[in-house]
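In what follows, a structure is listed as structure tokens, so that the remarks can point back to it.
In this chain, residues are counted from 1 in sequence order. Whatever order the structure lists ligands and atoms in, that order sets their numbers, starting from 1.
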Amino acid sequence: MRPIVAHISEVALAHNLAQVRRYASQSKVIAVVKANAYGHGLLNAARGLKGTDAFAVLNISEAVALRDAGYQHPILLLEGIFSAEEMTLIDQYHLDTVVAHQAQLAWVLESRPNIPLRVFLKLDSGMHRLGFQPHEYSHALQQLANSANVREVILMTHFANADVVDGTDAAMQVVRQMMPESYARSLANSAAIVQQPHTHADWVRPGIMLYGATPVAEKSASSLRLKPVMTLQSGLIAVQEIAAGESVGYGSLFTADKPTRVGIVACGYADGYPRHAPTGTPIAVAGRLTRTLGRVSMDMLAADISDIPEAVIGSPVELWGKQVPVDDVAQASGTIGYELLCAVTARVPFKIHG
Ligand SMILES: *Cc1c(COP(=O)(O)O)cnc(C)c1O
């Protein structure tokens, strides 16, 4: 067995959910577990997040997996359904659905559910991705409100710029104009939860912060009092001593300027580690912070262990986790923590810690 493992902490999930409730103490929480719970494993994450008020997923298959595992929470389909046939499953599995365009509206109005539905009516408040345009919104709301198929309508939007100061001001103007006060609202993702308190409303929709990564580039997860849920761990499978002028890895991208001890780590881009991580990306070997060297290959990467004499074959390596924030690896690689967490591949075994 290669030494690579993704450790998942249920305690950290519960801690981060508690932090969501501290940031948005007046709101109910829809824990977003799409994309296999941001790469953590849907059912792994659901266990740690069972104290949530609701879950949100993308595909009906994910909702069914949660129901089959015994979760009775409300489950929201974040993009709604993709064909009229899926209305049957919504009814059968008691799912809540987003209505974001005319076809979805028609499917809801023309279905015959045994139990009237709860729908989230999505407004495009400026992101121009999903949602009704402001001039269509009132009419859609009226049709849903008058339908015997619908027991409750929650008004919803998603912000394009919740991670920037004042980034929700324009969208909130549209929200105030288009959303009648008498309906519950769901507006805020993680970035809005941590820094746009005026957007919290009735139901918040945290994703990334539940997994202990930052939603805001300028603020670290630890400064937001979040704990990393995933520790991607591996080990050294070889040690090289190279002389000044010698290089490491494909393309010889790193050349030593002095004698250098190099640890070869059992982790590469086929495990989900970013190939674009340059020399200098943070990594921890034998519990000590150091840097990567040269190009990441499919199954291996190299770490500088010149100052870690105790590092030997078999020494533990943290790719990201408590010691090396995933956001720091992401920043060095020109991406965000979201992408790295989602990208851990199927060949990496998971170990769940209760
Ligand atoms: C993914 C998603 C969220 C969660 O976003 P984070 O930035 O991870 O908190 C919330 N709402 C919608 C509609 C989403 O698609």
Need the ligand 1 atom indices (1-based, order shown) with element for anything under 4.0 Å from a heavy-atom of Tyr38. 1 (C), 4 (C), 5 (O), 6 (P), 8 (O)
Close-contact set for ligand 1 against Ile208 heavy atoms, below 4.0 Å: 6 (P), 8 (O), 9 (O)
Identify the closest protein heavy atom to atom 9 (O) of ligand 1: which residue and atom is it, and at what distance? Ser190 OG, 2.5 Å
Tell me the protein heavy atom at minimum distance from atom 7 (O) of ligand 1, and give that distance in Å. Tyr338 OH, 2.6 Å
Out of curiosity, His276 NE2 to Arg295 CZ, how far, rounded to the nearest 0.5 Å? 9.5 Å
When you measure from atom 5 (O) of ligand 1 to each heavy atom in Ile336, Val216, Asn189, which option holds the nearest one? Asn189
May I have the step-by-step check of side chain to side chain donor-acceptor pair (under 3.5 Å) for Ser125 and His158, ending in yes or no? CA-CA 7 Å; Ser125 59; His158 192 62; over 6 Å; no
Please work out whether any backbone atom (N, CA, C, O) or any side-chain heavy atom from C-beta onward of [X] is under 4.0 Å from ligand 1, and answer side chain, backbone, both or neither.
| X | answer |
| --- | --- |
| His158 | side chain |
| Met209 | neither |
| Leu78 | side chain |

So for ligand 1, is [X] a polar contact partner (N or O within less than 3.5 Å, distance only)?
| X | answer |
| --- | --- |
| Lys34 | yes |
| Arg205 | yes |
| Met156 | no |

Are His101 and Phe132 an aromatic pair, judged by ring center distance below 6.0 Å? no
Linking I/L/V/M/F/W/Y whenever their side-chain heavy atoms sit closer than 4.5 Å, directly or via other members, would [X] and [Y] fall into one cluster?
| X | Y | result |
| --- | --- | --- |
| Val5 | Phe350 | no |
| Val11 | Ile8 | no |
| Ile81 | Val64 | yes |

Nearest heavy-atom neighbours spanning Pro282 and Asp328: CG-CB, 4.0 Å
